[in-house]
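Step one of this worksheet: look at the structure below.
All ligand and atom numbering here is 1-based and tracks the order in the structure. These numbers come from the heavy atoms of this one structure, side chains and all, not from hydrogens, waters or symmetry mates. Keep in mind the model is a prediction, meaning the values are calculated, not measured.
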Amino acid sequence: MSRIAYVNGRYLPHSDAAIHIEDRGFQFADGVYEVCEVRDGLIIDLTRHLDRLDRSLRELRMASPMAREPLKLVIREVLRRNRVRNGLFYLQVTRGVARRDHYFPAAGTLPTLTITAKSVDPQPARARYETGIKVITVPENRWDRVDIKTVGLLPNVLVKQQAKDAGAQDAIFVDTAGKVTEAASSNVWIVSADGVLVTRPAEHGILRGVTRTTVLDVAASLSVPVEEREFTVEEMLAAREVFLTSATGSCVPVVAVDGRTIANGHPGSVAAALRGAFLHIAEKTPI
Ligand code: PLP
């Protein structure tokens, strides 16, 4: 079965789906995106993802391509046409097509909307939950609006490759004060020596992950104590557990940071408990 992509009102074979060469997403990374997980035919946390999309668009003074309800219909249609039961959809909105010029294009320029979907075998993710992953730390070098989910991901791409080259799977950004911000495509959590779940406040320096928000709800439902505060690399190295959250992998345990083993080198029980309860708490929208 061939994959189908949605591009500006049309459902196209994936191999024919394309955007204009002067699309501002391509020319300037002048665009935003969302990624949403699908599990057993249910879209996870769709409302929170679409709320964040609206916020990203507002922050960049970018027009919305479509009202919420028709957008949901298109998302579900893309998932149906690609027969996704377990997998993801990606949605990108850019400031549209215009002759190359840094100034915003003329009012009325239509935003570009693309949506793609793919099936993902859940087995490798499960294996990662069992073994955990290794990460490296890298200096934070991104702009200070990482709270907006833009398609400008070059620093994230570079550090992820750096991690791979170093035999690790992910990279964690550290700010000039030695505090952890976030990973290349996920938020970072630790469980402190006294059993408190700690994650950086989402006010500055990180993307407010949808999974992060829902994991906070899950922690409350399980009566796990939580502190939203900054933490240092030293604190992370001394933690009982370290894990990452994102829509593509809820609570992925980290077992080594910069070659140093975390706790006993095995995934911890708090991440497992949060992961286990996650789907009960998250919003689930049938395709
Ligand atoms: N931080 C960054 C930089 C990300 O790219 C992502 C997800 O792509 C996240 C955090 C986690 O966000 P979410 O849980 O909404 O997927």
**Prompt:** Are any of the heavy atoms in Arg52 under 4.0 Å away from ligand 1?
**Reply:** yes

**Fill in**
Looking only at protein heavy atoms, what sits closest to atom 12 (O) of ligand 1 is Gly209 CA, 3.4 Å

**Prompt:** What protein heavy atom sits nearest atom 13 (P) of ligand 1, and how far away is it?
**Reply:** Val210 N, 3.6 Å

**Prompt:** Please walk me through it: do Arg24 and Gln27 pass side chain to side chain donor-acceptor pair (under 3.5 Å)?
**Reply:** CA-CA 5 Å; Arg24 291 182 63 98; Gln27 295 285 349; over 6 Å; no

**Message:** Against Ile4, only a single residue in Arg81, Arg80, Glu77 fulfils side chain to side chain contact (heavy atoms under 4.5 Å, CB included); can you say which?
**Reply:** Arg81

**Request:** Please work out whether the ring planes of Trp189 and Phe243 are parallel, tilted or perpendicular, with thresholds of 30° and 60°.
**Result:** parallel

**Prompt:** Do Thr214 and Arg48 pass the side chain to side chain donor-acceptor pair (under 3.5 Å) test, and can you show the C-alpha distance, the side-chain angles, and the key distance before you say yes or no?
**Reply:** CA-CA 9 Å; Thr214 301; Arg48 281 179 171 163; 2.8 Å; yes

**Message:** Tell me if a side-chain donor or acceptor on Arg3 pairs with a main-chain N or O of Ala117 at a distance below 3.5 Å.
**Reply:** yes

**Fill in**
re atom 5 (O) of ligand 1, the protein heavy-atom contact at minimum distance is Ser185 CA, 3.4 Å

**Prompt:** In terms of residue, atom name and distance, what is the protein heavy atom nearest to atom 1 (N) of ligand 1?
**Reply:** Glu182 OE1, 2.7 Å

Please tabulate, for side-chain N and O atoms in residues 278-287, each donor-acceptor pair with protein atoms closer than 3.5 Å (sequence neighbours left out).
unit_1 : atom_1 : unit_2 : atom_2 : d
Glu283 : OE1    : Leu46  : N      : 3.1
Glu283 : OE1    : Thr47  : N      : 2.8
Glu283 : OE1    : Thr47  : OG1    : 3.0
Glu283 : OE2    : Thr47  : OG1    : 2.6
Lys284 : NZ     : Leu279 : O      : 2.4
Lys284 : NZ     : Ala282 : O      : 2.9

**Sub-3.5 Å N/O-N/O distance, Thr211 and ligand 1** = yes

**Request:** Identify the residue among Ile75, Val32, Val35 that makes a side chain to side chain contact (heavy atoms under 4.5 Å, CB included) with Leu91.
**Result:** Ile75

**Asked** Heavy-atom contacts under 4.0 Å between Thr245 and ligand 1: side chain, backbone, both, or neither?
**Response** backbone

**Request:** Just go through Ala183, Cys36, Ser186, Ala184 and tell me whose heavy atom is the nearest to atom 9 (C) of ligand 1.
**Result:** Ser186

**Complete:** Of all protein heavy atoms, the one nearest atom 16 (O) of ligand 1 is Ala247 N, 2.8 Å

**Message:** With heavy-atom distances below 4.0 Å as the criterion, list the atoms of ligand 1 near Asn187.
**Reply:** 10 (C), 11 (C)

**Message:** I need the contact type for Tyr33 against ligand 1. Using non-hydrogen atoms and a strict under-4.0 Å cut-off, is it side chain, backbone, both or neither?
**Reply:** side chain

**Request:** Without swapping roles, check the side chain of Arg142 against the backbone of Asn156 for a donor-acceptor pair under 3.5 Å.
**Result:** no

**Request:** Before signing off on this row, confirm whether Lys149 and ligand 1 have an N or O atom pair separated by under 3.5 Å.
**Result:** yes

**Request:** Decide whether the shortest distance between a heavy atom of Val35 and an atom of ligand 1 is less than 4.0 Å.
**Result:** no

**Message:** Less than 4.0 angstrom from a charged side-chain N to a carboxylate O is my criterion; do Arg126 and Asp121 meet it?
**Reply:** no

